[in-house]
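Encoded as structure tokens, the structure appears first; notes follow it.
Predicted, not measured: the structure shown is a model, and the values here were computed from it. Chain A is the first sequence line, chain B the second, and so forth, proteins listed ahead of strands; every chain is numbered from 1.
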Amino acid sequence: MKKLINNPETVVEEMLEGMVRAFPQYVRKLEGYNVIVRADAPVKGKVALVSGGGSGHEPSHAGYVGRGMLDAGVAGAVFTSPTPDQIFEAIKAVDGGAGVLLIIKNYTGDVMNFEMAREMAQMEGIQVASVTVNDDVAVENSTYTVGRRGIAGTVFVHKIAGAKAQAGGMLEEVKAVAEKVIKNVRSMGMALTPCIVPAAGKPNFTLSEDEMEIGMGIHGEPGTMRTKLMKANEVVDHLMSKILADLPVESGDEVAVMVNGLGGTPLMELLILNRKASQILEDKGIKVYRTYVGEFMTSLEMAGASITLLKLDDELKSLLDAPADTPAFKQL
Amino acid sequence: MKKLINNPETVVEEMLEGMVRAFPQYVRKLEGYNVIVRADAPVKGKVALVSGGGSGHEPSHAGYVGRGMLDAGVAGAVFTSPTPDQIFEAIKAVDGGAGVLLIIKNYTGDVMNFEMAREMAQMEGIQVASVTVNDDVAVENSTYTVGRRGIAGTVFVHKIAGAKAQAGGMLEEVKAVAEKVIKNVRSMGMALTPCIVPAAGKPNFTLSEDEMEIGMGIHGEPGTMRTKLMKANEVVDHLMSKILADLPVESGDEVAVMVNGLGGTPLMELLILNRKASQILEDKGIKVYRTYVGEFMTSLEMAGASITLLKLDDELKSLLDAPADTPAFKQL
Amino acid sequence: MAVDSAKLIDIIKVIADKITENREYLTQLDSAIGDADHGINMSKGFRAVVEKISDMGEKDCGTILKTVGMTLVSTVGGASGPLYGTAFMRAGQAVAGKNELDFNDLVSLMEAALEGIKYRGKAERGEKTIVDALEPAVEALKLRREEGLETALRDAVEEAKKGMEYTKDIIARKGRASYLGERSLGHQDPGATSCYIMLEAMAARLLDGKKS
Amino acid sequence: MAVDSAKLIDIIKVIADKITENREYLTQLDSAIGDADHGINMSKGFRAVVEKISDMGEKDCGTILKTVGMTLVSTVGGASGPLYGTAFMRAGQAVAGKNELDFNDLVSLMEAALEGIKYRGKAERGEKTIVDALEPAVEALKLRREEGLETALRDAVEEAKKGMEYTKDIIARKGRASYLGERSLGHQDPGATSCYIMLEAMAARLLDGKKS
Ligand SMILES: Nc1ncnc2c1ncn2[C@@H]1O[C@H](COP(=O)(O)OP(=O)(O)O)[C@@H](O)[C@H]1O
Ligand SMILES: Nc1ncnc2c1ncn2[C@@H]1O[C@H](COP(=O)(O)OP(=O)(O)O)[C@@H](O)[C@H]1O
Ligand SMILES: [Mg+2]
Ligand SMILES: [Mg+2]
Ligand SMILES: [Mg+2]
Ligand SMILES: [Mg+2]
């Protein structure tokens with residue numbers, strides 16, 4: 001295991017300390033908890049946004065704490081949902097009296113832990129709502145299953161709901177726009193290599209030199225198929241066709257695109273993926289309103305990428321355009 | 001070779017197309033050249049900044065083209081300096097009548113190609129100045145050698161000289177402040193893994209599972225030593241001691257810190273490195289004015305990192321603080 | 001049967017020991033259809049539980065069980081933390097204030113635990129989860145209530161075991177394993193397994209000294 | 001000797017062939033002490049050169065050489081592009097307007113090429129670069145000028161070879177290899193090697209038909 005770490009047991013704490021030391025103008029840490037909140041939290045009168053999940057997805061989630069996005073990011077152990085007490089502390093620390101929206105990714109553990117935290121907060125009289133992101137079209141959505149996973153599309157929920165809250169939206173309004181994003185966002189990912197959870201010390205699965213996994217989840221959950229290596233254009237074709245089959249967009253519609261690296265893939269390759277994604281959309285007459293290319297929701301050092309499309313309307317466009325100022329996501 | 005590409009011969013062109021498709025509000029490409037310029041180039045009356053080098057260092061250099069930083073980024077083949085004709089086209093396209101500053105990293109090839117381009121531009125009556133960045137303390141600087149290499153510290157030159165030009169500085173002033181940055185910036189890097197140049201198809205060197213290379217250059221040039229894997233804190237200790245031995249900073253001084261990932265190292269690890277770097281500075285009474293953690297000057301998918309310190313004075317602080325709006329570097 | 005606070009603490013410690021013994025086994029089961037952390041998470045949680053309750057001998061049984069639940073909730077994480085945490089907290093509520101538990105209390109607290117897990121996880125039997133081991137056990141306990149502690153308890157453990165083994169034959173519909181669809185077939189569910197291990201440990205301690 | 005434009009183009013094509021033949025060899029030398037691209041860059045450049053000059057038979061020799069230089073500059077990149085590019089451009093300037101070159105022109109253009117490389121690269125002899133092959137060759141050419149083309153040229157090639165081999169024994173002070181310091185010892189310089197290869201190809205074509 002080749003990692004720049006000191007001790008697998010303390011990676012999360014040390015990472016959070018490194019973050020607070022890097023960005024004290026943006027964030028602080030709640031003493032005794034793996035919770036990062038806005039330096040100026042709680043912001044009186046503003047709806048507060050709390051997101052979180054397992055660690056290993058950096059810059060998610062604490063990297064999005066700041067003006068125009070999140071009020072708190074809760075960091076669980078690597079790839080493990082944070083516990084309710086941590087989430088509860090986050091809620092208490094950021095509630096500015098206007099209520100708190102929890103942004104949950106659709107994993108059984110995350111859903112249950114956030115739900116318990118919500119119950120705890122409500123017992124203390126804090127107004128709490130929640131939304132669950134499920135953008136990963138790799139997983140079949142049927143009444144028999146727990147539904148799709150939440151992956152990189154979550155970042156658009158942070159951005160847009162964050163802008164709404166920053167603009168003074170009420171809890172119900174912020175929740176409504178978050179749900180609108182969830183309804184209109186779809187993602188799918190793939191991986192060239194596995195990653196190593198520090199505490200495990202070895203990869204959870206293997207891929208040979210000529211194999212890739214399509215539909216990979218962000219914790220190394222299996223995808224929809226394992227295939228021979230494909231060219232970048234074929235990969236994009238495949239991901240985009242699954243996404244476009246599920247998202248009702250047609251010629252004349254406008255979308256935001258996110259090409260997200262999983263940690264080990266260089267920007268050069270992400271840009272090559274974006275070229276093809278953008279060509280496909282152009283051919284279909286779908287207008288790209290904004291594009292984000294970089295690392296937004298990672299899986300440690302996994303090599304691979306995901307593509308996210310968000311169908312826009314005027315409300316979503318103006319909220320997407322709003323400024324944001326956080327350690328990992330800035331928009332002027 | 002596991003890469004999300006289509007054809008090793010066309011990676012640079014496809015990447016640049018992907019970039020222009022992603023960020024048309026920021027940049028455009030010069031038809032027929034691998035040159036990215038500001039969408040609104042030339043900016044009349046502003047000193048223009050041109051940087052560039054081999055590709056494979058993304059987001060360097062084209063990612064820094066935009067308001068408050070560069071006017072053009074010239075992209076050579078992977079790890080190969082661009083040719084003078086490309087640089088010359090860039091100069092012509094961005095000159096707004098106030099002259100052009102070339103920002104060169106100190107490699108023989110880069111220096112000569114930029115110099116020839118400068119001669120060509122001067123023959124056409126364009127006012128051109130240049131600075132050469134040599135921040136890499138891994139390489140001995142002596143009268144017998146070509147001097148130190150230019151690595152991640154270059155990004156601070158882009159930022160600060162870019163801010164000076166944006167603020168209306170004259171060519172001589174912009175050059176002077178760029179030289180002040182160069183005088184006060186030091187970097188050093190290390191690698192856990194090699195990287196693969198697409199056209200080569202195999203790594204240029206190997207490191208075994210328990211080895212790392214300290215002092216690595218950004219093209220896989222050898223470092224100062226190959227050692228057994230060290231813990232993150234030991235790595236930082238080593239890099240910082242070399243940097244601090246060369247940079248005249250003392251208690252009470254202020255610095256900017258950049259912890260730069262080489263492409264394959266996840267943000268979690270970079271933050272863990274920053275924790276230690278920040279602790280060391282704190283122990284010495286050196287104040288961290290601003291910190292940047294992320295991927296700024298990469299080596300394809302190489303796992304590893306570099307640390308850069310820039311000693312600040314009031315002028316550098318105010319220019320560092322100035323807003324910037326580019327695809328890869330935004331500051332509000 | 002009469003379980004006072006000291007004995008309850010004792011039983012919980014035995015459960016903790018068994019979970020720790022099976023740390024690798026549970027993790028290995030989870031690596032086949034999940035994310036390879038069930039044993040790690042559970043043993044971390046029970047280590048914290050043992051520390052928390054060791055000197056709670058003066059407290060009532062309800063408080064002890066609630067403390068177990070809250071500790072699991074705040075240390076285990078993932079899916080099993082809230083599930084087992086809720087189970088123990090509900091169990092504690094069911095016997096709130098009692099300094100001694102009899103057989104009827106055992107049945108009520110087990111019923112409450114099951115309800116807690118089903119409330120929290122929204123799973124039904126047959127979805128390849130903890131419920132597949134726990135529900136048949138609780139049903140057996142109720143069904144055999146008339147036949148006395150020993151028979152009822154042995155039968156409950158037997159049913160839990162059958163339920164656990166049955167998880168091999170079904171497709172996961174809840175939790176992380178559900179992403180695998182058909183590919184989850186043939187693998188035994190880690191959560192059902194940890195549940196069986198806990199029930200068996202409890203029964204063994206309760207029936208200590210009784211002929212088996 | 002009398003080299004007209006057609007013959008000059010012919011000589012350059014022979015040089016291009018030799019560089020292409022040695023693509024792997026030059027790259028391999030560069031991988032030991034550089035970045036493993038010298039043969040790749042040079043052959044890419046000469047492929048472009050051949051395309052550019054093939055139908056320049058009507059142009060004067062100076063123009064042809066300048067075109068070679070400009071083409072190398074704009075296709076090779078790295079260090080060798082500007083170096084060899086400048087060399088050919090300067091050589092072209094030295095014989096500007098001439099439709100035929102004699103031995104004296106050859107000496108002048110070689111001198112100009114050497115000056116161009118030294119101006120551009122600021123290297124002196126003994127720093128493990130192209131200069132270590134080129135400078136002794138040019139000196140031999142001048143020294144033996146009185147003895148006629150054949151002797152002078154053979155001697156020049158001989159001196160270039162010695163200079164190239166000498167680069168094994170010295171530490172690099174210029175270019176990428178200089179980062180290696182002591183570790184550059186024992187390795188032959190790729191640029192000195194490509195220079196020798198080019199000189200040898202030129203001499204062979206010029207002396208074609210002469211007994212060796
Ligand atoms: N909705 C649910 N109801 C009951 N049990 C569940 C549910 N979802 C998951 N489980 C149980 O949780 C176990 C996995 O626990 P664990 O590995 O600790 O959590 P995670 O999946 O978050 O890593 C599964 O084997 C299953 O028995
Ligand atoms: N300053 C210099 N003067 C003369 N020749 C040089 C100089 N620097 C480098 N070279 C030559 O260039 C060769 C390397 O060329 P090449 O590999 O194409 O460029 P790069 O080092 O940019 O990859 C070296 O072997 C050396 O002979
Ligand atoms: Mg888990
Ligand atoms: Mg090179
Ligand atoms: Mg698990
Ligand atoms: Mg080279």
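- Interface summary for chain B: among D:Arg183, D:Arg120, D:Met70, the most heavy-atom pairs under 4.5 angstrom belong to D:Arg120.
- No more than 12 heavy atoms of other residues, nucleotides or ligands sit less than 6.0 Å from atom NZ of D:Lys59.
- Atom CZ of B:Phe205 is surrounded by more than 12 heavy atoms from other residues, nucleotides or ligands within 6.0 Å.
- By number of non-hydrogen pairs under 4.5 angstrom with chain B, the leading residue of D:Ser74, D:Ser80, D:Ala79 is D:Ser74.
- Distance check, rounded to the nearest 0.5 Å: OG1 of B:Thr80 to CD1 of D:Ile40 gives 8.0 Å.
- Looking only at distances, a side-chain donor or acceptor of B:Asn113 sits under 3.5 Å from a matching main-chain atom of D:Gly78.
- Most heavy-atom pairs under 4.5 Å with chain B, from the set D:Ala36, D:Gly181, D:Gly175: that is D:Gly175.
- Contact annotation for B:Asn106: only backbone heavy atoms (N, CA, C, O) come within less than 4.5 Å of a heavy atom of chain D.
- Within the 4.5 angstrom heavy-atom criterion, only side-chain atoms of D:Asp37, from C-beta onward, approach chain B.
- Applying the 6.0 Å contact sphere to CD of B:Gln122 captures more than 12 heavy atoms from other residues, nucleotides or ligands.
- Residues of residues 14-29 of chain D placed with any heavy atom under 4.5 Å of a heavy atom in chain B are absent; none qualify.
- With a 4.5 Å cut-off on non-hydrogen atoms, B:Tyr107 touches chain D through its backbone and its side chain both.
- Within residues 94-117 of chain D, no residue has any heavy atom under 4.5 Å from a heavy atom of chain B.
- A heavy-atom distance below 4.5 Å is not found between the side chains of D:Arg176 and B:Thr108.
- Rounding to the nearest 0.5 Å gives a distance of 12.0 Å between CZ of B:Arg148 and OH of D:Tyr179.
- Contact detail for D:Lys174 and B:Val146: the closest heavy-atom pair is CA-CG1, 3.5 Å.
- A 6.0 Å sphere centred on NZ of B:Lys92 holds more than 12 heavy atoms belonging to other residues, nucleotides or ligands.
- Summarising the geometry, atom CG belonging to B:Asp85 is positioned 8.5 Å from atom OG1 belonging to D:Thr75; distances are rounded to the nearest 0.5 Å.
- Chosen from B:His219, B:Gln86, B:Arg149, B:Glu221, the residue pairing most often with chain D at heavy-atom distances under 4.5 Å is B:Arg149.
- The shortest side-chain heavy-atom distance between D:Leu83 and B:Met112 falls under the 4.5 Å cut-off.
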